[in-house]
Protein chains: 2
Amino acid sequence: MKPKLNDVADLAGVSPTTVSRVLNNRGYISEETKNRVHDAMQQLNYFPNDVARSLFSKRTNLIGLIIPTTSNPFFGELTFHIENICASSGYKLLICNSLNQLDKEESYVDMLMRNQVDGIIVGTHNRGIVNYDQKNIAVVAIDRFLSDTIPVVGSDNYMGGKMASELLIDKGCKHILHINGPVELETPASLRRKAYEDVMEQHGREAITYEVYDPFHQQNHDEPIGRLLDEHPEVDGLFASNDLVAASFIATAKQRGKRVPEDIRVIGYDGTETTRNLLPELTTIQQPIQEIARSAVELVIKEIEGEFSEVPRETYLPVKLIEAGTV
Amino acid sequence: MKPKLNDVADLAGVSPTTVSRVLNNRGYISEETKNRVHDAMQQLNYFPNDVARSLFSKRTNLIGLIIPTTSNPFFGELTFHIENICASSGYKLLICNSLNQLDKEESYVDMLMRNQVDGIIVGTHNRGIVNYDQKNIAVVAIDRFLSDTIPVVGSDNYMGGKMASELLIDKGCKHILHINGPVELETPASLRRKAYEDVMEQHGREAITYEVYDPFHQQNHDEPIGRLLDEHPEVDGLFASNDLVAASFIATAKQRGKRVPEDIRVIGYDGTETTRNLLPELTTIQQPIQEIARSAVELVIKEIEGEFSEVPRETYLPVKLIEAGTV
DNA sequence: CTGAAAGCGCTTACAG
DNA sequence: CTGAAAGCGCTTACAG
């Protein structure tokens with residue numbers, strides 16, 4: 001049987017109170033008892049039961065992370081950094097892959113609440129919205145407006161969209177296409193599209209935006225992209241809302257005999273380590289994933305600790321253009 | 001304040017015992033009380049505190065997953081599937097990115113034990129080894145021998161290595177190189193190398209294996225690969241132990257004016273969705289990630305439920321050759 | 001069919 | 001400097 005605090009107390013010949021105190025380094029204890037207790041703990045190979053501690057303290061040091069899927073390199077890397085930063089602050093991560101399905105997100109939130117997590121970081125992009133406000137829990141959203149009060153963290157989407165669009169213009173593209181997620185979502189990421197449209201207008205170009213149903217749940221984009229290329233044979237530039245779509249586009253374009261960048265120039269968005277490794281020639285707008293993770297974790301911890309005044313409603317971190325072969 | 005079971009009991013005019021019974025659907029309860037209790041729960045927006053339940057039941061329904069990093073596409077996808085399968089079996093996932101560092105793995109295991117997880121799935125590949133046997137907890141390893149008793153799940157590494165090596169031979173390669181992780185690890189993955197060496201020997205070829213220090217922790221492989229190409233200008237075939245290394249190799253080779261596959265044919269290992277999407281031309285041995293995840297979860301659950309006799313010591317799942325442009 | 005009591009493994013006022 | 005008691009929010013024998 002697992003030794004418990006009482007066993008340690010018995011062995012050390014002290015009260016459970018005393019053991020608890022040396023465990024938590026609270027109150028005055030003589031060096032001698034302290035040593036005896038430590039010896040007893042060692043001897044029994046004792047470690048405290050955090051479930052019992054949580055029940056009392058009403059703190060689990062657990063944070064729930066809801067994302068579409070860790071299979072997507074952006075979210076895989078985001079998850080890594082979030083977990084890493086949580087760990088160094090004494091928090092643990094409960095992971096939830098919602099696949100952008102509202103019902104899954106809802107049942108995950110229920111699960112997290114029953115498990116008494118201290119906070120939730122939400123990075124899903126559903127159509128519907130879970131009402132996090134009345135859950136009475138610390139929440140931070142990544143690139144998504146959840147309510148008037150829930151803080152949002154993301155990359156500087158407008159700047160990213162602007163840099164990408166202007167680069168394509170500078171390179172001499174005449175017919176620039178944009179592929180984005182569904183606009184109705186009203187996410188900060190739709191600013192990428194807004195920037196694209198603004199730049200096109202400034203340069204007297206027509207803005208043509210295609211929407212992919214769900215850019216985060218990995219799926220085969222080749223077919224819709226093929227149709228798109230057939231409908232717009234004049235296209236000579238593409239700004240894709242993420243690198244996976246950009247990669248699908250490049251593959252499809254090549255199949256149709258188009259050369260990249262000679263015939264079509266392509267820019268993606270995200271710039272994950274994985275993309276940099278597997279497709280180094282892709283020009284892309286790199287999100288500061290680690291900084292996004294850091295902000296999200298810091299903000300949710302501030303909320304947990306009640307420091308609401310120090311939590312800005314919106315935090316946008318700078319992006320970086322990575323210019324490579326596809327442009 | 002969060003409503004508790006007692007509040008529900010008060011409102012419904014019954015004892016806490018009764019509320020607990022309707023919550024757990026245990027014992028006989030009249031329809032009428034059942035309804036009154038349900039009404040009270042609704043009215044108060046009550047949901048049970050799983051921390052308290054866990055303290056009593058000594059079951060948390062929590063599983064710990066220790067992997068190098070979700071940033072790596074193989075582990076990102078593995079994590080997704082494991083979490084997914086856990087969720088459908090009522091388990092939750094606590095995620096731990098060890099970066100293959102022994103000290104991190106150790107402190108994660110401590111953390112998981114304190115949090116009373118029901119089981120642990122281990123997918124790290126350190127040099128040192130944590131003694132999981134004496135932790136007295138359900139453990140399953142992925143592609144790693146942890147002890148004589150801990151079950152291992154993985155792909156059929158020998159078959160994968162054989163298929164890759166033979167394909168290169170069939171394609172007419174004369175000087176085939178293999179890049180692998182450090183052998184001392186004695187992981188089942190080293191069977192990929194064994195198969196390569198056996199095939200080379202059968203065909204009277206020299207086996208040349210290079211070792212990359214840590215193929216899982218993403219890093220820049222370009223420099224060592226560059227040296228390797230300089231030392232072996234005659235190489236016309238490469239079997240890489242994973243797709244990321246294969247991609248680095250291809251990029252480096254191209255920089256040196258080598259054409260793939262005309263001058264050098266390349267085969268990777270893993271075949272993740274992400275690689276298929278970003279680098280569809282890469283020929284690779286695809287691991288059955290979802291099946292590995294399913295086996296790992298099923299086995300750890302069997303251990304948790306005490307059905308040790310149904311847990312095989314080693315489970316190797318079939319791989320699939322994906323032949324594409326690099327070969 | 002329902003309830004009072006004890007207990008899961010800890011922690012913290014409160015006394016001394 | 002140390003301990004007895006009560007309690008965190010549940011559940012389960014045991015009675016009735």
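In what follows, every chain begins at residue 1, and chains take the letters A, B, ... in the order their sequences are listed.
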Completion exercise
Testing D/dC10, C/dC10, C/dT11 for proximity to the side chain of A/Ser20, the answer is C/dT11
Practice task
Can you tell me which residue pairs pass the salt bridge (charged side-chain N to carboxylate O under 4.0 Å, His left out) test with a partner in residues 21-41 of chain A, sequence neighbours excluded?
Solution key: A/Glu31-A/Lys34, A/Glu32-A/Arg36
Exercise for the section: Kindly say if A/Asn24 contacts the phosphate of C/dT11, meaning a side-chain N or O under 4.0 Å from OP1 or OP2. Expected result: yes
Exercise for the section: List the steps and the verdict of side chain to side chain donor-acceptor pair (under 3.5 Å) for B/Asp133 and B/Thr149. Expected result: CA-CA 8 Å; B/Asp133 270 333; B/Thr149 57; 2.9 Å; yes
Please write out each protein N/O paired with an N/O of nucleotides 2-6 of chain D under 3.5 Å, distance rounded to 0.1 Å.
{"unit_1": "D/dT2", "atom_1": "OP1", "unit_2": "A/Ser30", "atom_2": "OG", "d": "3.2"}
{"unit_1": "D/dT2", "atom_1": "OP1", "unit_2": "A/Thr33", "atom_2": "OG1", "d": "2.9"}
{"unit_1": "D/dT2", "atom_1": "OP2", "unit_2": "A/Ser30", "atom_2": "N", "d": "3.1"}
{"unit_1": "D/dT2", "atom_1": "OP2", "unit_2": "A/Thr33", "atom_2": "OG1", "d": "2.9"}
{"unit_1": "D/dG3", "atom_1": "OP2", "unit_2": "A/Ser15", "atom_2": "N", "d": "3.0"}
{"unit_1": "D/dG3", "atom_1": "OP2", "unit_2": "A/Ser15", "atom_2": "OG", "d": "3.2"}
{"unit_1": "D/dG3", "atom_1": "OP2", "unit_2": "A/Thr18", "atom_2": "OG1", "d": "2.6"}
{"unit_1": "D/dG3", "atom_1": "N7", "unit_2": "A/Arg21", "atom_2": "NH2", "d": "2.9"}
{"unit_1": "D/dG3", "atom_1": "O6", "unit_2": "A/Arg21", "atom_2": "NH1", "d": "3.2"}
{"unit_1": "D/dA4", "atom_1": "N7", "unit_2": "A/Thr17", "atom_2": "OG1", "d": "3.4"}
{"unit_1": "D/dA4", "atom_1": "N6", "unit_2": "A/Thr17", "atom_2": "OG1", "d": "2.6"}

Problem - Interatomic distance where CZ belongs to B/Arg26 and C1' belongs to D/dA13 [whole Å] - result: 12 Å
Handout entry: Separation of atom CG in B/Leu55 from atom C1' in C/dG7, rounded to whole Å
Key = 9 Å
Practice task
Determine: side-chain N/O of B/Lys58 to OP1/OP2 of C/dG9, distance under 4.0 Å, yes or no.
Solution key: yes
Problem - Pairing partner of D/dA13 (Watson-Crick or G-U wobble, both distances under 3.5 Å) - result: none
Handout entry: Integer-rounded Å distance: D/dT12 P and B/Leu5 CG
Key = 12 Å
Practice task
Answer yes or no: is there a side-chain heavy-atom contact under 4.5 Å between B/Val22 and B/Thr33?
Solution key: no
Practice task
Respond yes when some side-chain nitrogen or oxygen of A/Tyr46 is under 4.0 Å from OP1 or OP2 of C/dG9, and no when none is.
Solution key: no
Exercise for the section: Could you check if a side-chain atom of B/Val122 sits within less than 4.5 angstrom of a side-chain atom of B/Val140, using non-hydrogen atoms only? Expected result: no
Practice task
In sequence, state the C-alpha distance, the side-chain angles, and the governing distance for A/Thr124 and A/Arg144, and then conclude on side chain to side chain donor-acceptor pair (under 3.5 Å).
Solution key: CA-CA 8 Å; A/Thr124 47; A/Arg144 184 172 174 209; 3.0 Å; yes
Handout entry: Any strand: nucleotide that pairs with D/dA4 via Watson-Crick or wobble, under 3.5 Å
Key = none
Exercise for the section: Report yes if a side-chain nitrogen or oxygen of A/Arg53 is closer than 4.0 Å to either non-bridging phosphate oxygen (OP1 or OP2) of C/dG9; otherwise report no. Expected result: no
Practice task
Count the heavy atoms of every other residue, nucleotide or ligand shown that sit under 6.0 Å from CD of A/Glu314, and state whether that count exceeds 12.
Solution key: yes
